[in-house]
Undergrad: 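Sharing a structure, written as structure tokens. Questions coming.
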Amino acid sequence: MSKKPKRKKSALTAKTADKHNLYERSVQNVEAEIDFVDRVFKKLRGRRADRLREDFCGTGNSCAEWVRRRSTNQAWGLDIDQPTLEWGMKRHVSELSAEQQERIHLLSRDVLDSTAARDMDCILAMNFSYWIFQERAKLAQYFRAVRESLAAGGVFFLDFYGGSEAFLDVEEERPLDGFTYVWEQDKFNPITGRVQCYIHFDFEDGTRMKRAFHYDWRVWTLPELRDLLAECGFGPVTVYWEGDDGKGGGNGVFKPTLKGEACETFVCYIVAERAE
Ligand SMILES: C[S@@+](CC[C@H](N)C(=O)[O-])C[C@H]1O[C@@H](n2cnc3c(N)ncnc32)[C@H](O)[C@@H]1O
């Protein structure tokens with residue numbers, strides 16, 4: 001009997017690859033993110049959260065993870081980019097059971113719309129997406145809209161990156177399975193804090209998916225954000241700093257502290273509570 005020749009897994013190229021799929025494989029770890037949110041909310045409130053809103057949800061990957069976790073969980077995702085939401089509906093929502101699909105709602109909405117999805121236990125602003133708000137007043141408008149949308153005792157989770165490299169023009173590469181993720185910070189302006197960030201993807205055949213994603217951001221600092229969140233009515237506002245792996249990297253365990261470290265790069269979480 002002749003054996004069928006094994007078909008070689010087709011190599012990704014800039015033409016064939018799907019940018020949302022590459023993005024999710026490069027920068028998201030929704031399991032770890034939802035573990036953190038679930039654990040911290042339970043610790044703070046002594047009960048599990050049910051109602052979660054993912055702002056700037058993109059493909060709604062975290063929402064899908066949330067509804068998979070428990071049958072009592074409900075998720076709302078807000079994003080203004082309809083094609084990205086549609087990609088998420090096809091790739092994530094349709095993969096859920098019919099019962100889970102009833103508990104997930106991806107909405108084409110601006111996060112500044114404080115009438116969208118209220119009475120939340122948790123609201124998430126991840127992958128630094130709130131850095132699109134470059135004026136303090138605009139960011140305050142967003143933070144107030146989030147506070148309005150939280151139930152009493154609700155918790156706002158934001159991630160944050162910093163360190164000396166956040167204020168430089170850099171290009172960093174990270175090889176992944178079948179492609180290389182490239183992060184570029186360009187034209188950082190120390191007067192305004194404005195920076196242009198790009199994600200490119202390089203492939204083994206030498207092709208590049210150039211500027212697959214572009215972010216026009218202001219680089220904020222933790223003291224600015226802590227002050228502004230407090231001004232917008234949140235409190236306590238706590239930074240969860242990552243532990244050390246003993247080899248100069250992070251160990252993935254984030255704990256509340258007021259003692260950070262002067263690193264070249266770091267990622268942490270900000271947990272801003274709405275009083276009970
Ligand atoms: C960096 S992606 C974040 C995707 C996902 N949250 C994550 O953690 O990887 C930023 C997303 O924010 C969306 N966005 C930008 N401005 C927005 C706004 N004012 N309201 C809602 N979504 C917005 C974009 O369409 C984009 O999908």
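Start at 1 and go down the list; that is how both ligands and their atoms are numbered. Sequence positions, counted from 1, serve as the residue numbers for this chain. Given the structure is predicted, the values throughout are model-derived calculations rather than measurements. Only heavy atoms go into these numbers, but all of them, side chains included; no hydrogens, no water, no symmetry mates.
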Undergrad: How close does the nearest protein non-hydrogen atom get to atom 22 (N) of ligand 1, and which residue and atom is it?
TA: Ile80 N, 3.3 Å

Undergrad: Of the protein's non-hydrogen atoms, which lies at the shortest distance from atom 24 (C) of ligand 1, and what is that distance?
TA: Asp79 OD1, 3.5 Å

Undergrad: May I ask you to decide if the ring planes of Phe213 and Tyr215 are parallel, tilted or perpendicular, using 30° and 60° as cut-offs?
TA: parallel

Undergrad: Starting from atom 19 (N) of ligand 1, find the nearest protein heavy-atom neighbour and note its residue, name and distance.
TA: Asp110 OD1, 3.1 Å

Undergrad: Is the Trp217 ring parallel, tilted or perpendicular to the Phe128 ring (thresholds 30°, 60°)?
TA: perpendicular

Undergrad: Counting only heavy atoms, tell me which of Phe133, Tyr23, Tyr130 gets closest to atom 9 (O) of ligand 1.
TA: Tyr23

Undergrad: Which part of Phe213 is near ligand 1, with near meaning a heavy atom under 4.0 Å away: side chain, backbone, both or neither?
TA: neither

Undergrad: Just to check, does Leu112 reach to within less than 4.0 Å of ligand 1 when the distance is taken from its heavy atoms?
TA: no

Undergrad: When the ring planes of Phe36 and Phe157 are compared, do they come out parallel, tilted or perpendicular, using 30° and 60° as the limits?
TA: perpendicular

Undergrad: What residue and heavy atom of the protein are closest to atom 8 (O) of ligand 1, and at what distance?
TA: Asn127 ND2, 3.2 Å

Undergrad: Look at Arg69 together with Asp35 and state whether they make a salt bridge at an N to O cut-off of under 4.0 Å.
TA: yes

Undergrad: For atom 16 (N) of ligand 1, what's the nearest protein heavy-atom neighbour? Residue, atom name and distance, please.
TA: Ile132 CD1, 3.3 Å

Undergrad: Got the closest protein heavy atom to atom 5 (C) of ligand 1, with its distance?
TA: Phe56 O, 3.3 Å

Undergrad: What protein heavy atom sits nearest atom 20 (N) of ligand 1, and how far off is it?
TA: Val111 N, 3.0 Å

Undergrad: Out of curiosity, does Val271 fall in the hydrophobic cluster containing Leu225 (side-chain heavy atoms, cut-off under 4.5 Å, transitive links)?
TA: no

Undergrad: Taking heavy atoms and a distance under 4.0 Å, where does Arg109 meet ligand 1: side chain, backbone, both or neither?
TA: backbone

Undergrad: Applying the side-chain hydrogen bond (donor to acceptor under 3.5 Å, both in side chains) criterion to Trp87, which one of Asn21, Asp18, Asp81 satisfies it?
TA: Asp18

Undergrad: So among Tyr240, Trp220, Trp131, which one has a ring pair (Phe, Tyr, Trp, His ring centres under 6.0 Å) with Phe160?
TA: Trp131

Undergrad: Check each heavy atom of Tyr215 against ligand 1 and say whether those closer than 4.0 Å belong to the side chain, the backbone, both or neither.
TA: side chain

Undergrad: Does some non-hydrogen atom of Glu33 fall short of 4.0 Å from ligand 1?
TA: no

Undergrad: Identify whether the distance between the nearest side-chain nitrogen and carboxylate oxygen of Asp55 and Arg53 falls below 4.0 Å.
TA: yes

Undergrad: Give the atoms of ligand 1, by number and element, whose distance to some non-hydrogen atom of Gln28 is under 4.0 Å.
TA: 5 (C), 7 (C), 8 (O), 9 (O)

Undergrad: Counting heavy atoms only, which of Gly58, Cys57, Ser129 is nearest atom 3 (C) of ligand 1?
TA: Ser129

Undergrad: Step by step, work out the ring pair (Phe, Tyr, Trp, His ring centres under 6.0 Å) result for Tyr130 and Phe56.
TA: CA-CA 8 Å; Tyr130 58 96; Phe56 312 98; 7.4 Å; no

Undergrad: I'd like to know if Glu148 pairs up with Arg144 as an ion pair, taking the criterion as any Lys NZ or Arg NE/NH1/NH2 lying under 4.0 Å from an Asp or Glu carboxylate oxygen.
TA: no

